[in-house]
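What follows is a set of notes on a single structure, which appears directly below.
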Protein chains: 2
Amino acid sequence: MAVEAVFSAIGDPTRRAIVERLSRSDATVNELASPFSMTLQAVAKHIRILEGAGVIRKKKIGRSYHCALNRAVLTEARSWLDDLERDWSDRLDRLGDFLAEDAKSDRPAQ
Amino acid sequence: MAVEAVFSAIGDPTRRAIVERLSRSDATVNELASPFSMTLQAVAKHIRILEGAGVIRKKKIGRSYHCALNRAVLTEARSWLDDLERDWSDRLDRLGDFLAEDAKSDRPAQ
DNA sequence: CTTATACTAAACCAATTGGTTTACTAAAAA
DNA sequence: TTTTTAGTAAACCAATTGGTTTAGTATAAG
């Protein structure tokens with residue numbers, strides 16, 4: 001599916017917190033919202049974005065909505081990073097890193 | 001360190017394209033900008049965001065700026081996803097998935 | 001020296017985002 | 001039945017974002 005949507009979904013700190021929370025246990029929308037100072041509606045919006053990206057699934061049980069992570073999509077995101085690192089490593093094995101000497105300084109170039 | 005900034009940085013499609021491009025070879029700001037229809041300045045802004053997040057490094061050589069991926073930070077992002085998946089899997093091993101197809105009336109864990 | 005190149009810096013603008021409030025519905029509790 | 005709970009839906013708003021243009025700086029080429 002869309003790795004596109006996944007990264008942009010977990011790019012938001014609130015949504016990453018929700019995802020982390022769900023990695024520990026499934027939870028209802030209310031349970032997910034309670035740690036935040038924002039309104040339930042705001043959190044519900046974030047949840048819908050995560051749902052739209054396929055990061056989580058939601059299911060109505062009684063009058064509450066239970067949420068759970070969708071492993072497949074998260075695995076896809078990880079694969080994107082895996083592939084990236086592999087391509088990068090392969091290339092370095094062949095060519096060497098012309099920026100290697102600067103690797104220690106984190107400062108942006110000027 | 002700031003997985004925060006990393007995910008929000010690669011949450012943008014233009015910036016992900018830049019990162020993918022850099023996984024194949026290092027490149028100058030001009031080289032990175034050329035495939036895009038937007039202005040050089042717009043791409044330069046994206047590059048600065050990636051740099052600020054620690055995803056890439058930039059170095060002035062002559063009058064051009066050369067960019068390269070910063071493996072460490074990308075690895076961190078991958079670790080976040082790894083940890084997430086590990087926590088999630090561990091929990092499922094212990095509890096089972098209440099959203100699994102036949103939908104038992106399992107209460108969500110706290 | 002003069003001009004072109006490869007950028008950076010900053011002002012500016014429209015569209016998107018993240019939040020609010022207000023209003024609604026379905027299910028459980030009293 | 002009436003009320004409360006657990007949400008959804010939508011209008012609305014301020015701040016951020018992603019783009020532009022204009023202007024400036026350092027280096028290389030003519």
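Here is how names work: the chains are called A, B, and so on, in the same order as the sequence lines, proteins then strands, and each is numbered from 1. Since this is a predicted model, take the numbers as computed values, not measurements.
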Spacing of [atom1] belonging to [X] relative to [atom2] belonging to [Y], to within rounding of 0.5 Å:
| X | Y | atom1 | atom2 | answer |
| --- | --- | --- | --- | --- |
| A:E20 | A:R24 | CD | CZ | 7.0 Å |
| B:R15 | A:F7 | CZ | CZ | 13.0 Å |
| B:L50 | B:K58 | CG | NZ | 10.0 Å |
| A:D26 | A:C67 | CG | SG | 8.5 Å |
| A:D87 | B:L22 | CG | CG | 12.0 Å |
| A:W80 | B:S23 | CH2 | OG | 8.0 Å |

Group every Ile, Leu, Val, Met, Phe, Trp and Tyr by side-chain heavy-atom contacts under 4.5 Å, then state whether A:I49 and A:I18 land in the same group.
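No, because A:I49 and A:I18 fall into different hydrophobic clusters, even though each may have its own neighbours under 4.5 Å.
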How many Å lie between [atom1] on [X] and [atom2] on [N], as a whole number?
| X | N | atom1 | atom2 | answer |
| --- | --- | --- | --- | --- |
| A:K59 | D:dT8 | NZ | P | 16 Å |
| B:R48 | C:dT8 | CZ | C1' | 6 Å |
| A:L50 | C:dT17 | CG | C1' | 14 Å |
| A:I47 | C:dT17 | CD1 | P | 18 Å |
| A:E51 | D:dG7 | CD | C1' | 13 Å |

Quick test: give all pairs of protein nitrogen or oxygen and nucleotides 1-3 of chain D nitrogen or oxygen below 3.5 Å, distance rounded to 0.1 Å.
none

Measuring only between side-chain heavy atoms, which start at C-beta, is A:R21 closer than 4.5 Å to A:P35?
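Not in contact.
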Are any of the side-chain heavy atoms of B:W88 and A:R71 separated by less than 4.5 Å?
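Side chain of B:W88 against side chain of A:R71, heavy atoms only: contact under 4.5 Å found.
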Estimated bend of the helix from C:dC1-D:dG30 to C:dA30-D:dT1 (axis per five terminal pairs, rounded to 10 degrees)
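Comparing the axis at each end, I get an angle of 10°.
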Main-chain N/O of B:I10 paired with B:R16 side-chain donor or acceptor, under 3.5 Å:
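The answer is yes, because a donor-acceptor pair under 3.5 Å joins these two groups.
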Closest to the B:V29 side chain: D:dG7, C:dC7, D:dT8?
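Of D:dG7, C:dC7, D:dT8, C:dC7 is nearest to the side chain of B:V29.
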I'd like to know if A:E51 and A:R57 make a salt bridge, using a cut-off of under 4.0 Å between side-chain N and carboxylate O.
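A salt bridge is absent here (no side-chain N lies under 4.0 Å from a carboxylate O).
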Can you see if the side chain of B:T28 gets near the phosphate of C:dC7 - specifically, an N or O under 4.0 Å from OP1 or OP2?
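Checking C:dC7 against B:T28, a side-chain N or O does come within under 4.0 Å of OP1 or OP2.
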For a quick test of reading the model: is some side-chain N or O of A:N30 closer than 4.0 Å to OP1 or OP2 of D:dG7?
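Yes, within the criterion.
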Under the salt bridge (Lys or Arg N to Asp or Glu O under 4.0 Å) test, which residues partner A:R63, sequence neighbours left out?
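Expected list: none.
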Results of salt bridge (Lys or Arg N to Asp or Glu O under 4.0 Å) for B:D83 - residues two or more places apart only
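Expected list: B:R86.
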Grab the N/O contacts between the protein and nucleotides 19-21 of chain D below 3.5 Å, and write none if there aren't any.
from, atom 1, to, atom 2, distance (Å)
D:dG19, OP2, B:H46, NE2, 2.2
D:dG19, N7, B:K45, NZ, 3.0
D:dG19, O6, B:K45, NZ, 2.1
D:dT20, OP1, B:T39, N, 3.4
D:dT20, OP2, B:T39, N, 2.9
D:dT20, OP2, B:T39, OG1, 2.7

Under 3.5 Å, which protein N or O atoms sit close to an N or O of nucleotides 26-29 of chain C? Give each pair with its distance.
none

